[in-house]
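Chain naming here is simple, since letters A, B, ... match the order of the sequence lines and numbering starts at 1 in each.
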Number of protein chains: 6
Amino acid sequence: MSTATPVSRFPVPELKDLPEDIREKILAVQEKAGFVPNVFLALSHRPDEFRAFFAYHDALMLKEGGSLSKADREMIVAATSAKNGCLYCVVAHGALLRIYAKNPLVADQVAINHLKADITARQRAMLDFAIKVCLDSAEVGDADYEALRAHGFDDEDIWDIASITAFFGMSNRIANSVSMRPNAEFYLMGRVPR
Amino acid sequence: MSTATPVSRFPVPELKDLPEDIREKILAVQEKAGFVPNVFLALSHRPDEFRAFFAYHDALMLKEGGSLSKADREMIVAATSAKNGCLYCVVAHGALLRIYAKNPLVADQVAINHLKADITARQRAMLDFAIKVCLDSAEVGDADYEALRAHGFDDEDIWDIASITAFFGMSNRIANSVSMRPNAEFYLMGRVPR
Amino acid sequence: MSTATPVSRFPVPELKDLPEDIREKILAVQEKAGFVPNVFLALSHRPDEFRAFFAYHDALMLKEGGSLSKADREMIVAATSAKNGCLYCVVAHGALLRIYAKNPLVADQVAINHLKADITARQRAMLDFAIKVCLDSAEVGDADYEALRAHGFDDEDIWDIASITAFFGMSNRIANSVSMRPNAEFYLMGRVPR
Amino acid sequence: MSTATPVSRFPVPELKDLPEDIREKILAVQEKAGFVPNVFLALSHRPDEFRAFFAYHDALMLKEGGSLSKADREMIVAATSAKNGCLYCVVAHGALLRIYAKNPLVADQVAINHLKADITARQRAMLDFAIKVCLDSAEVGDADYEALRAHGFDDEDIWDIASITAFFGMSNRIANSVSMRPNAEFYLMGRVPR
Amino acid sequence: MSTATPVSRFPVPELKDLPEDIREKILAVQEKAGFVPNVFLALSHRPDEFRAFFAYHDALMLKEGGSLSKADREMIVAATSAKNGCLYCVVAHGALLRIYAKNPLVADQVAINHLKADITARQRAMLDFAIKVCLDSAEVGDADYEALRAHGFDDEDIWDIASITAFFGMSNRIANSVSMRPNAEFYLMGRVPR
Amino acid sequence: MSTATPVSRFPVPELKDLPEDIREKILAVQEKAGFVPNVFLALSHRPDEFRAFFAYHDALMLKEGGSLSKADREMIVAATSAKNGCLYCVVAHGALLRIYAKNPLVADQVAINHLKADITARQRAMLDFAIKVCLDSAEVGDADYEALRAHGFDDEDIWDIASITAFFGMSNRIANSVSMRPNAEFYLMGRVPR
């Protein structure tokens, strides 16, 4: 757990050797978070993939409008990444979930068993659908759309839930395959009341 | 199967109403393929996601260098998309596989059971790994890297196999969730010797 | 894919060395189809099993009466054989399905994901049941009978669906175990409009 | 459990109304066993299928030659039918296994967990393969053939193991689908030393 | 199967070397049953665990009150132990089930497929729940409680069903891990009418 | 998350109404931990089961001797309880693991994916075995014993690993079935360096 612990199985370029746009993005996140989440370092090994990954991430997670709160979006990530056994995403997005939800317990709850979590019926329906998209998307059909609409989600929200699940399913598979390591900082974030 | 068959559960914008860059990309693919694959139309509903999706796609599938041929890449997509029950991707990328491999049989073979397909031992190892990333990425580890290196893949190739699998795992989940429909043209492509 | 490609892991007798009835059946199918499907050659290695296999096959697939069309029967075979990963049966019976249904797309659709196929609600119920018999017959019960009756199937039809699924489940396991290879002719059959 | 208990969900013809060959076969088994196993009655509802079923059964189970004893064959049936949750076949063929093996315990053992059964290493390898054919035939390959050859099985024996498993996989699915009920007589057969 | 067959992978102490309370419990069961069930011998290797195991067992299985009969309790054990592939518990508790239920067939029936067993609708609901607790307890929720209440079970009964299932799930895992062998006497108990 | 949040679906007796020995055990744990873990309250509903449960727990978790450290034991609980989706046990025993291991990260790591955790090869082998006992104990055999012995575990250690896994498999099923809720105090325990 020293600073010598590798970020992943792959080499990480020196910041100075990175393309300008990537270096700036990394410096900006460091400025904001106080550290550089390892996903930025791991993916900087492939600049074009880095750019597309974060463009897609931002389109889904920073999107304005729709009825999904930031906490809802991170809740989808924490719950589905746990099903995929992705250490990086459960730890990193669990931290974000705690912060956005201002709830120190909910991230562990949805990662371990969302059916026992302190969430609303609407969030439960959202996670039921996300987990189905994660584990068995071939079976998704009309009944799933109906179940979500019954909780007030519209079709654009459903697209969002499905796409966030799908995007982080990609992220989970990459992180698992390259052994991407979560920064130690994430584990405690949002747990201690300020 | 008339032209009135919907592209997906979501509306498709008029070409004229699309942002310039997206319209141009769609016209370019139509020019090249003779028709517009439905994935372009379905995703044009969300321009930012469209751009990120195809940027990522192109970074992985049009990448120069590495030891994966274009046929190898499409073979990964066909085999893993079949595990995810994704009609769109098996049909569309099966077509591309037949064309790149100049082999009318191999796409059906790897989609149904890659262990019975007319492929090399190297391709078999590649698909064994891709299917593990697709179905059980949490279990990926050193032994998988060793198995691939034994067939001459280097670590950059392994990144490519994992990322292609992961990207299309995302694509499969989106396509399944929005009921994206493959164009009828794909089914016959590459089957009839010229 | 040359003519030297083996039919299966087991030797195939010379036509002249086969029992008269088996040779005649093989010559008849060759006359009709223009080639000898490999299942006839592979099973001719065991004449008694050959006779019983085709007697059972014909009793189920050539049966007069009942409400299952020939296309319906082949659709059951294509969809369930895909679940069993049987290259021979998906390719060979997919060809027959295309021909009987006069539909070049439906075989690939039901083999990849029957929930996204262009089939009727009645066919969907038929395949839902067949896939349950294929994958989890221990759970079949009254509710399954009711669901089929609601679509106009009577109990004799249900026997037919279950038995066709069961028979090809046997065929799938034999084909997978002996590596039975589909003839190259099947892949294109029924795909090109005449 | 009175004599009024139905044989299956389907009607059973009067003996006098059955075709001559089927009536004779039923009377012969009754003469030999002291009762008519319900599979004969249940399938008599479909004479052509009855004939093909028993022709196939006899070709596999009464076959001369090969290295599989009658007890070995019934052991395959008991072990794989348990995996399919088939009450009829586990009970009926468990009885035959006890009788042929002259062992009152082995049928329950292989049906519950063949890894804990009092069987030889050769029988264990035989059942390992049969269970793989039963549950995951798509994965059968060279390594399975090698494992069996290491225990002295030749390729004809492997065909036998695979085909017996496949045939009773069909039988299991039919029995489960029509709710075929084992005769009460089977449960105690071979359990009490004479 | 001689008397030399080991009770488990672990050594069994001499009766004279056991603590007084354990020796007395063993002698008492021998007095009552006519033999010492191997679970007593296997666990005597660990006296503290022996005491806790049987205290828990007796609290659940000998409990007064509630609506579960002794046969119901043993039925839960037989059905769920079969799902866990536990030879010891299916054989030993199947014997007890036959005796308490005065039914020579029901133990084999619920172990092979409880959906085809001669049991009441109430027992079917009880086993449906027990099997869910056994195989997928994370999914247990309100609907399961409702389904059981509809058959007249109260919440204390539900606790009993869940705890019996959970306790024998522990027993199954221990027995499987140490290869605990059922006494030959159990196999025939309760099968022959007196 | 107020103090009004129920401990489980079942009523909790007043402390004054509990049997003396149970009240004393509860007061002792409160004295030591600063709060009463809900498992003590939930099980106090059934005094005999309470006594047996904690006698078994203490025999396994407080056992002297053997090569498993207290951290090792809690690591087994955290990893296997996560496979069973047991919120109570992952949260409560994750806390104990962090404290015994003096490592704020390892509990989340083994609960999410033990293959990516910062643990020794010996601990990895221990968890591999525990997870097999948890998920598929029917398959445990000689090879598993050999694998553990290769890491220096003796047979008594193997009994311990198997029994701890089995005991908490019981605990997981009870907690899931009665919706036992982890105390809020556990989530943060052992995370903040002192």
Side-chain angles (χ1 to χ4, degrees), chain D residues 1-2 4-9 38 77-95 98 101-119 131 172-173 175-193, chain E residues 1-2 4-9 38 77-95 98 101-119 131 172-173 175-193:
Chain D
M1 257 154 303
S2 72
T5 311
V7 160
S8 86
R9 291 171 179 271
N38 283 340
V77 184
T80 57
S81 297
K83 297 295 183 191
N84 284 328
C86 180
L87 181 62
Y88 186 89
C89 294
V90 176
V91 169
H93 291 273
R98 286 190 295 272
K102 300 184 198 309
N103 179 331
L105 310 187
V106 71
D108 292 344
Q109 291 172 346
V110 299
I112 297 166
N113 187 340
H114 81 286
L115 301 176
K116 305 296 190 193
D118 298 313
I119 57 176
I131 289 169
N172 297 163
R173 284 172 177 77
N176 276 334
S177 296
V178 306
S179 291
M180 198 184 296
R181 185 182 172 77
N183 307 60
E185 287 87 344
F186 283 124
Y187 289 81
L188 193 58
M189 279 171 60
R191 292 191 182 273
V192 186
Chain E
M1 260 151 304
S2 72
T5 310
V7 160
S8 87
R9 290 172 179 272
N38 283 339
V77 184
T80 58
S81 297
K83 297 296 182 191
N84 284 330
C86 179
L87 182 62
Y88 186 87
C89 295
V90 176
V91 169
H93 291 273
R98 286 189 295 271
K102 299 186 198 311
N103 178 331
L105 310 188
V106 71
D108 293 344
Q109 291 172 348
V110 298
I112 297 166
N113 187 340
H114 81 287
L115 301 177
K116 304 296 190 191
D118 297 313
I119 56 176
I131 289 169
N172 297 162
R173 284 172 177 76
N176 276 335
S177 296
V178 307
S179 290
M180 198 185 296
R181 183 183 174 76
N183 307 60
E185 287 87 344
F186 282 124
Y187 290 80
L188 193 58
M189 279 172 60
R191 291 188 184 276
V192 185

Discussion item. Please identify, among E:Ser81, E:Gly94, E:Ala117, E:Ser179, the residue contributing the most non-hydrogen atom pairs under 4.5 Å to chain D.
Written reply: E:Ser179
Item to complete: With rounding to the nearest 0.5 Å, note down the distance linking CG in D:Asp108 to CG in E:Asp108.
Response: 6.0 Å
Response to the item:
Result for side-chain contact (heavy atoms from CB on, under 4.5 Å) between D:Ile112 and one of E:Asn84, E:Ile112, E:Val91 points to E:Val91
Discussion item. I'd like to know if the side chain of E:Lys116 reaches the main chain of D:Asn176, judged simply by a donor and an acceptor atom lying under 3.5 Å from each other, with no hydrogens or angles considered.
Written reply: yes
Item to complete: Look at the side chain of D:Asn113 and the backbone N and O of E:Gly85, then say whether any donor-acceptor pair between them is shorter than 3.5 Å.
Response: yes
Item to complete: Would you name the heavy atoms of D:Arg191 and E:Tyr187 that are closest together and state the gap between them?
Response: NH1-O, 3.9 Å
Worksheet item: Contact part of D:Leu188 toward chain E, heavy-atom cut-off under 4.5 Å: side chain, backbone, both or neither?
Response: side chain
